[in-house]
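Letters go in sequence order (proteins before strands), and every chain restarts at 1.
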Amino acid sequence: MSLVSKIMKLEPSLTSDDFNPETGTILVLSNAGVEIIEKWEHPSVKQPSNSKINAISDDTIIAEEKLLNLRAERNSRIEETDWWASSDLTMTDAQKKYRQDLRDITKTHSSMDDKGFAWPTKP
Amino acid sequence: MTQARDLADFAIAGYPVTADFFVASYSGSVSNSTLTFPTASLTSSNNVTLANNVEITPSVAGRFLVVFYCCGSMTAAGGFTPSAYIYKNTSSLHVVSGIRNHTGGAVLDWPTVSAIVDVNGSTDYIKAALFTNGGAVTLSGSGGCTAVGFRIDQ
């Protein structure tokens, strides 16, 4: 499971830019599937201990990534219909419901792999 | 009268008659913001071996023209910056970065990267690396994630 995801959970101020191999101050390597912290030169954030990193379960990270993926795909589908809300158009009730159902999908689901998961039908 | 010819007749001075080459495919996954040396397997090769799952090691000295291309599947959306690398030993020789505005449930493709790598035929090795600042990517394996190399001179 992604070592970077666990580090970013422990240190929320870090961004993916901090891990860029050319410009970042932290380098995490995966060599044939084994992940290690190769370099840590961040000016203000100290490297977390292995025990703190290992205390975060893979399941936690997987669940968060699945929710992140669900939100990203949901946002993409809402963006596809943004033109419905143009000032020279009037949305139908079905269109309004579709967009609201997309916004509400994270109230009932946390992953696209959930049992019974289905995207709302586009009108 | 027809004269029998063999490959040597076509050899140009300085070019090898017998090709030293490799075709490697890669598998596994690339995690978010992690410089990844994916697991390689040699699909076909001549005078090249694989060490430590990632190190493509020619047993003949010379310069190899290496091309590496890769794609994988992912479900996250966003404008990611995928980068592909060719390493000689522990140093990056060349990197190409791109931007793919991925819209979910499809494929992330890395830019193709190429380099000429001068190897000593014993300890030097070539390896490929991938990076992306997005979510986890599962590599597409043979055909979808491949490095090819060919010795172009001595």
Side-chain angles (χ1 to χ4, degrees), chain A residues 1-9 11 14-40 42 53 58 61-82 102 105 111-114 117 119, chain B residues 24 26-41 50-56 73-87 89-97 101-106 108 113 125 127-139:
Chain A
M1 186 38 56
S2 171
L3 179 55
V4 169
S5 298
K6 292 184 179 183
I7 293 169
M8 291 176 81
K9 186 169 176 59
E11 301 291 349
L14 296 176
T15 69
S16 58
D17 289 344
D18 292 313
F19 296 89
N20 187 296
E22 277 79 52
T23 57
T25 54
I26 303 165
L27 181 59
V28 173
L29 290 185
S30 172
N31 204 41
V34 180
E35 293 185 336
I36 56 164
I37 299 173
E38 177 76 6
K39 176 185 83 171
W40 191 289
H42 197 281
I53 293 171
D58 289 352
I61 298 298
I62 290 170
E64 288 184 1
E65 287 184 350
K66 283 185 172 181
L67 181 57
L68 203 65
N69 288 341
L70 171 61
R71 284 208 174 101
E73 177 63 21
R74 184 271 311 273
N75 293 345
S76 172
R77 286 170 183 254
I78 290 176
E79 282 174 17
E80 281 176 9
T81 62
D82 277 350
L102 284 173
I105 202 159
S111 164
M112 289 182 276
D113 298 332
D114 283 355
F117 176 86
W119 290 108
Chain B
Y26 294 85
S27 59
S29 62
V30 176
S31 299
N32 174 29
S33 298
T34 302
L35 182 65
T36 298
F37 298 95
T39 301
S41 63
L50 181 69
N52 300 321
N53 298 316
V54 296
E55 299 167 0
I56 295 168
S73 59
M74 66 188 306
T75 55
F80 296 136
T81 307
S83 303
Y85 298 74
I86 291 173
Y87 270 66
N89 303 331
T90 56
S91 300
S92 170
L93 273 188
H94 196 206
V95 54
V96 178
S97 298
N101 190 20
H102 180 78
T103 55
L108 178 75
V113 61
Y125 57 85
K127 57 182 180 177
L130 299 165
F131 181 84
T132 181
N133 58 355
V137 185
T138 303
L139 301 182

(request) Please say which of B:Thr36, B:Val95, B:Val96 ends up in a side-chain contact (heavy atoms from CB on, under 4.5 Å) with B:Tyr85. (result) B:Val95
(request) Please list, chain by chain and in numerical order, all residues satisfying side-chain hydrogen bond (donor to acceptor under 3.5 Å, both in side chains) with A:Arg74, sequence neighbours excluded. (result) none
(request) Ignoring hydrogens and angles, state whether a donor on the side chain of A:Ser5 or A:Ser2 is under 3.5 Å from an acceptor on the partner side chain. (result) yes
(request) Name the member of B:Asn32, B:Asn53, B:Thr39 that forms the most heavy-atom pairs with chain A at distances under 4.5 Å. (result) B:Asn32
(request) Name the region of A:Leu29, side chain, backbone, both or neither, that has any atom closer than 4.5 Å to a heavy atom of chain B. (result) both
(request) Could I get the full list of salt bridge (Lys or Arg N to Asp or Glu O under 4.0 Å) partners for A:Glu64, not counting sequence neighbours? (result) A:Lys9
(request) Using non-hydrogen atoms and a 4.5 Å limit, figure out which bit of B:Val30 sits close to chain A: side chain, backbone, both or neither. (result) neither
